[in-house]
Amino acid sequence: MEHHFVGIPELTGVPRVAVVIDVMRAFTVAAWAFSRGVERIVLAETESEALALKESHPGWLALKDGAPAAGFDAVNSPGLLRSRDFAGRTLVQKTTAGTVGALAVANAPLVLCASFVVAGPTARFLQARGDSGPVTFVVTGESGRADEDLACAEYIGRSVAGGDVEADPYLQRARNSGAAADLAGGRRSGYHPDDVDLCLEIDRFSFAMVARQEESLTVLRPVAVP
């Protein structure tokens, strides 16, 4: 299956299939949220939109990256999220890179959001839809230059092509990335010491994450993949 890699600023037109990558940390956090019982994740463009959606839908929760802030129920950290109980809840997510990238391709016929924790299921989902056309991998970090996101995108792309692909070299690239150094050094707000390791757990979960339009909202849901 043909594929190519672009940063958010390089997006032109509407791709046929988009896989939006944010390893550290939006789509690792999203996967953990689903594992903790979240039913769906609504992607918001701004923090004010996230809070407005929460306010207008009783029972919804809101999550942002950075430091904790009034009105938000969680921050963009898998280590801080993994012990929470979100059974049956809707979570509104706003982050600096991941949600921006997903919303930029929201009108594509197929949009997947991914990180290493769902890399294998994402590749198998794409393989099962072998006639779905060329894949655009949206590398959200650092305007397409974030090596942790590019490594994950390349790993998924090669896995889709078939054959056994060794994950360790890609995980090592991500571990050596600037984002990993910032997290490990505590230079990002809303941080847990386990965040880097949690972001580099290959295939921790057995679902892919598909974003679709639902009543004018961009909604992310888990899809089980055999």
Side-chain angles (χ1 to χ4, degrees), residues 19-41 43 61 63 65 74-89 91 93 95 97-99 101-102 111-128 137-141 146-160 164-177 179-184 188 190-211 219-226:
V19 180
V20 187
I21 307 291
D22 190 328
V23 171
M24 297 184 186
R25 294 167 281 178
F27 298 138
T28 299
V29 165
W32 269 99
F34 287 131
S35 80
R36 303 305 302 161
V38 164
E39 180 179 331
R40 64 176 186 167
I41 296 175
L43 305 181
L61 305 173
L63 176 152
D65 53 8
V75 294
N76 196 46
S77 162
L80 295 173
L81 205 73
R82 61 184 166 176
S83 62
R84 301 283 297 272
D85 180 5
F86 295 121
R89 305 298 287 272
L91 181 66
Q93 185 182 31
T95 69
T99 60
V111 179
L112 294 149
C113 296
S115 62
F116 280 113
V117 297
V118 293
T122 302
R124 293 194 298 275
F125 185 99
L126 291 169
Q127 284 176 323
F137 286 93
V138 183
V139 179
T140 62
D147 204 35
E148 74 281 3
D149 292 342
L150 187 56
C152 184
E154 291 176 356
Y155 175 73
I156 295 172
R158 292 182 183 177
S159 298
V160 172
D164 292 330
V165 182
E166 176 58 52
D168 285 349
Y170 299 93
L171 294 171
Q172 193 59 46
R173 281 173 57 191
R175 189 174 291 278
N176 292 336
S177 68
D182 285 346
L183 281 177
R188 293 194 179 185
Y191 159 78
H192 188 281
D194 292 341
D195 277 355
V196 172
D197 288 338
L198 291 172
C199 289
L200 300 180
E201 287 187 309
I202 191 73
D203 299 346
R204 170 71 190 237
F205 305 112
S206 60
F207 51 80
M209 300 187 294
V210 180
V219 178
L220 190 63
R221 293 183 184 270
V223 176
V225 179

How about [X] and [Y]: do any of their side-chain heavy atoms sit closer than 4.5 Å?
X	Y	value
Pro121	Asp203	yes
Val19	Val138	no
Val223	Phe125	yes
Val219	Ile41	no
Ile156	Ile21	yes

* Show your working on side chain to side chain donor-acceptor pair (under 3.5 Å) between Thr95 and Asn76 and close with a plain yes or no. => CA-CA 8 Å; Thr95 69; Asn76 196 46; 5.3 Å; no

For a quick test of reading the model, state the closest non-hydrogen atom pair linking [X] to [Y] and the distance between them.
X	Y	result
Ala31	Phe205	CB-CD1, 3.6 Å
Tyr191	Ala184	OH-O, 3.7 Å
Thr140	Gly101	CG2-CA, 4.1 Å
Ala74	Leu81	CB-CD1, 3.9 Å
Ala174	Ala180	O-CB, 3.4 Å
Thr28	Val23	OG1-O, 2.7 Å

* **Test log, rule side chain to side chain contact (heavy atoms under 4.5 Å, CB included), inputs Val20 and Leu112** => CA-CA 6 Å; Val20 187; Leu112 294 149; over 6 Å; no

* Asked: Between Asp147, Asp168, Asp197, which is the residue that forms a side chain to side chain donor-acceptor pair (under 3.5 Å) with Arg175?
  -> Asp197

Rounded to the nearest 0.5 Å, what's the gap from [atom1] on [X] to [atom2] on [Y]? Could you check?
X	Y	atom1	atom2	answer
Cys199	Trp32	SG	CH2	10.5 Å
Arg173	Asp149	CZ	CG	10.5 Å
Leu91	Arg36	CG	CZ	13.5 Å
Glu166	Leu171	CD	CG	8.5 Å
Met209	Arg221	CE	CZ	14.0 Å
Asp65	Met24	CG	CE	15.0 Å

* Given the rule in the side chain to side chain contact (heavy atoms under 4.5 Å, CB included) test, do Leu220 and Arg40 qualify, once you have shown the distances and angles that lead to the verdict? -> CA-CA 6 Å; Leu220 190 63; Arg40 64 176 186 167; over 6 Å; no

Ignoring hydrogens and angles, tell me if any N or O in the side chain of [X] forms a donor-acceptor pair with the backbone of [Y] under 3.5 Å.
X	Y	result
Thr122	Ala114	no
Asp195	Ser77	no
Asp182	Arg188	no

* Derivation and outcome, side chain to side chain contact (heavy atoms under 4.5 Å, CB included), residues Arg25 and Leu183 -> CA-CA 10 Å; Arg25 294 167 281 178; Leu183 281 177; 3.6 Å; yes

* Of all residues at least two apart in sequence or in a different chain, which pass the side-chain hydrogen bond (donor to acceptor under 3.5 Å, both in side chains) check with Glu39? ->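 Once residues adjacent in sequence are excluded, Glu39 has no partner under the side-chain hydrogen bond (donor to acceptor under 3.5 Å, both in side chains) criterion.
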
* Structure fact -> Hits for ring-ring contact (aromatic ring centres under 6.0 Å, His included) against Tyr155, two or more places apart or cross-chain, chain-then-number order -> Tyr170

* Residues Phe86, Leu61; criterion side chain to side chain contact (heavy atoms under 4.5 Å, CB included); working and verdict -> CA-CA 9 Å; Phe86 295 121; Leu61 305 173; 3.5 Å; yes

